[in-house]
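Okay, so here's the structure we're looking at.
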Amino acid sequence: MKIVRTEDLRGTDREVISDDGWTSVRWLLKSDGMGFSFHETTFPPGLEFDMWYKHHLEAVFCYKGEGTLVNRDTGEEHKIEPGTVYALDNHDKHTLKAKTELKLVCAFNPPVTGRETHDADGAYVPPED
C-alpha cells in the first residue's frame, strides 16, 4: 500500500515547476509500478498552454477554477469547471486556457517518470521500455 501526501512532495523532485507557469505535483510515477501516473497540476489565471500528448493518453478532472479547453484540430471549445472530466483519448492537440486558477488531477498512460516537461510540440518524450 502507498500513502502519498502532497505536502510531503513540495520542494522534491516530484514537484515540477515549469518555466511556462504551471506546477505539477506527481503523486504516482512509472517507478511506483501502478501502470499509470497520477498528478495534481495547477494553472495560474490567464495561462494559455498548447499541449499534444502524442505518446500518452491523459484523463483530467477539474476540482477548482474555470477555464476553456480547445481542440486545435476542430476548433471546438469546452468549458472546464469543477466536476468536469476530459479524456484525451485520441492524442488530441489541445490548448488549455485558465480563466481563474485551475486545479486539475491528471492520470497518464503510459506513466511518466516524473521530470518531463513539454517539448516544442507540447508533448512529453516517448516512454522508454
Side-chain angles (χ1 to χ4, degrees):
M1 181 180 298
K2 297 178 187 302
I3 306 297
V4 181
R5 292 185 173 83
T6 302
E7 61 269 14
D8 295 337
L9 303 180
R10 299 271 183 221
T12 73
D13 63 348
R14 287 189 179 227
E15 181 181 39
V16 176
I17 302 171
S18 80
D19 293 338
D20 299 302
W22 54 265
T23 301
S24 181
V25 176
R26 290 156 181 204
W27 296 313
L28 297 172
L29 296 170
K30 182 178 181 178
S31 62
D32 293 304
M34 296 292 294
F36 61 91
S37 56
F38 197 55
H39 320 172
E40 177 191 54
T41 300
T42 303
F43 267 54
L47 180 63
E48 293 187 16
F49 195 68
D50 293 336
M51 293 167 273
W52 177 29
Y53 296 119
K54 56 187 170 183
H55 308 293
H56 296 82
L57 299 176
E58 182 190 26
V60 178
F61 172 73
C62 174
Y63 70 91
K64 180 181 177 186
E66 292 182 24
T68 303
L69 181 70
V70 180
N71 181 322
R72 292 200 324 265
D73 289 326
T74 67
E76 264 185 300
E77 294 191 10
H78 306 277
K79 184 175 182 179
I80 303 301
E81 60 188 353
T84 303
V85 172
Y86 64 89
L88 302 166
D89 58 342
N90 290 307
H91 304 282
D92 309 274
K93 292 179 183 178
H94 61 289
T95 300
L96 185 59
K97 300 176 182 182
K99 180 178 178 182
T100 64
E101 180 183 69
L102 281 173
K103 293 279 194 174
L104 309 164
V105 175
C106 314
F108 280 86
N109 182 16
V112 301
T113 62
R115 300 311 301 166
E116 291 87 350
T117 55
H118 299 88
D119 67 13
D121 286 335
Y124 289 153
V125 296
E128 294 179 14
D129 293 326

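Numbering of residues begins at 1 and proceeds along the displayed sequence.
Although no hydrogens or angles enter the test, the distance criterion places a donor-acceptor pair under 3.5 Å between the side chain of His91 and the main chain of His56. The backbone N or O of Arg14 lies less than 3.5 Å from no partner atom in the side chain of Arg26, so there is not a single donor-acceptor pair. Checking side-chain atoms of Asn71 against main-chain N and O of Asp73 turns up a donor-acceptor pair under 3.5 Å. Looking only at distances, no side-chain donor or acceptor of Trp22 sits under 3.5 Å from a matching main-chain atom of Ile17. Put simply, the side chain of His94 never gets that close to the backbone of Val70: no donor and acceptor are under 3.5 Å apart. Ser37 places a side-chain N or O within 3.5 Å of a backbone atom of Val112 that can act as its donor or acceptor partner.
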**OP:** Using the side chain to side chain donor-acceptor pair (under 3.5 Å) rule, take Lys30 and Thr113 through it: C-alpha gap first, then chi angles, then the decisive distance, then the call.
**Re:** CA-CA 5 Å; Lys30 182 178 181 178; Thr113 62; over 6 Å; no

**OP:** Show your working on side chain to side chain contact (heavy atoms under 4.5 Å, CB included) between Thr84 and Lys79 and close with a plain yes or no.
**Re:** CA-CA 8 Å; Thr84 303; Lys79 184 175 182 179; over 6 Å; no

Subject >> Verdict with supporting geometry, Trp52 and Thr95, side chain to side chain contact (heavy atoms under 4.5 Å, CB included) >> reply: CA-CA 9 Å; Trp52 177 29; Thr95 300; over 6 Å; no

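Pairing each heavy atom of Phe36 with each of Pro111, the nearest pair is C-CB, 3.3 Å. For Asp32 against Trp27, the heavy-atom pair with the smallest separation is OD2-O, 3.9 Å. In this structure, Leu102 and Lys97 approach most closely via the heavy-atom pair CD1-O, 4.3 Å. Across Gly21 and Pro44, no two heavy atoms sit closer than the pair O-CD, 3.2 Å. Scanning both residues, Asp89 and Leu57, for their nearest heavy atoms gives O-CD2, 3.8 Å.
Under a 4.0 Å N-O distance rule, the pair Glu40/Arg10 qualifies as a salt bridge.
Under the 4.5 Å side-chain heavy-atom criterion for ILVMFWY residues, a single connected hydrophobic cluster contains both Val4 and Phe38. Hydrophobic clustering (side-chain heavy atoms under 4.5 Å, transitive across Ile, Leu, Val, Met, Phe, Trp, Tyr) keeps Val105 apart from Leu29. Under a hydrophobic-cluster definition in which Ile, Leu, Val, Met, Phe, Trp and Tyr are linked whenever side-chain heavy atoms come within less than 4.5 Å, directly or via other members, Ile80 and Leu88 are assigned to the same cluster. Under the 4.5 Å side-chain heavy-atom criterion for ILVMFWY residues, no single connected hydrophobic cluster contains both Leu28 and Leu104.
In this pair, Tyr63 and Phe61 present their aromatic rings parallel. The plane angle is below 30°, not in the 30 to 60° band. Classified by interplanar angle (parallel below 30°, tilted 30° to 60°, perpendicular above 60°), the ring pair His39/Phe108 is parallel.
Put simply, CD on Glu48 and CZ on Phe43 are 10.5 Å apart, with the number rounded to the nearest 0.5 Å. Leu69 CG to Tyr86 OH: the interatomic distance, rounded to the nearest 0.5 Å, is 5.5 Å.
Taking 4.5 Å as the limit, every side-chain heavy atom of Thr41 sits out of range of all side-chain heavy atoms of Thr23.
Among the candidates Glu101, Glu66, Lys99, the single residue satisfying the side chain to side chain contact (heavy atoms under 4.5 Å, CB included) test with Pro45 is Glu101.
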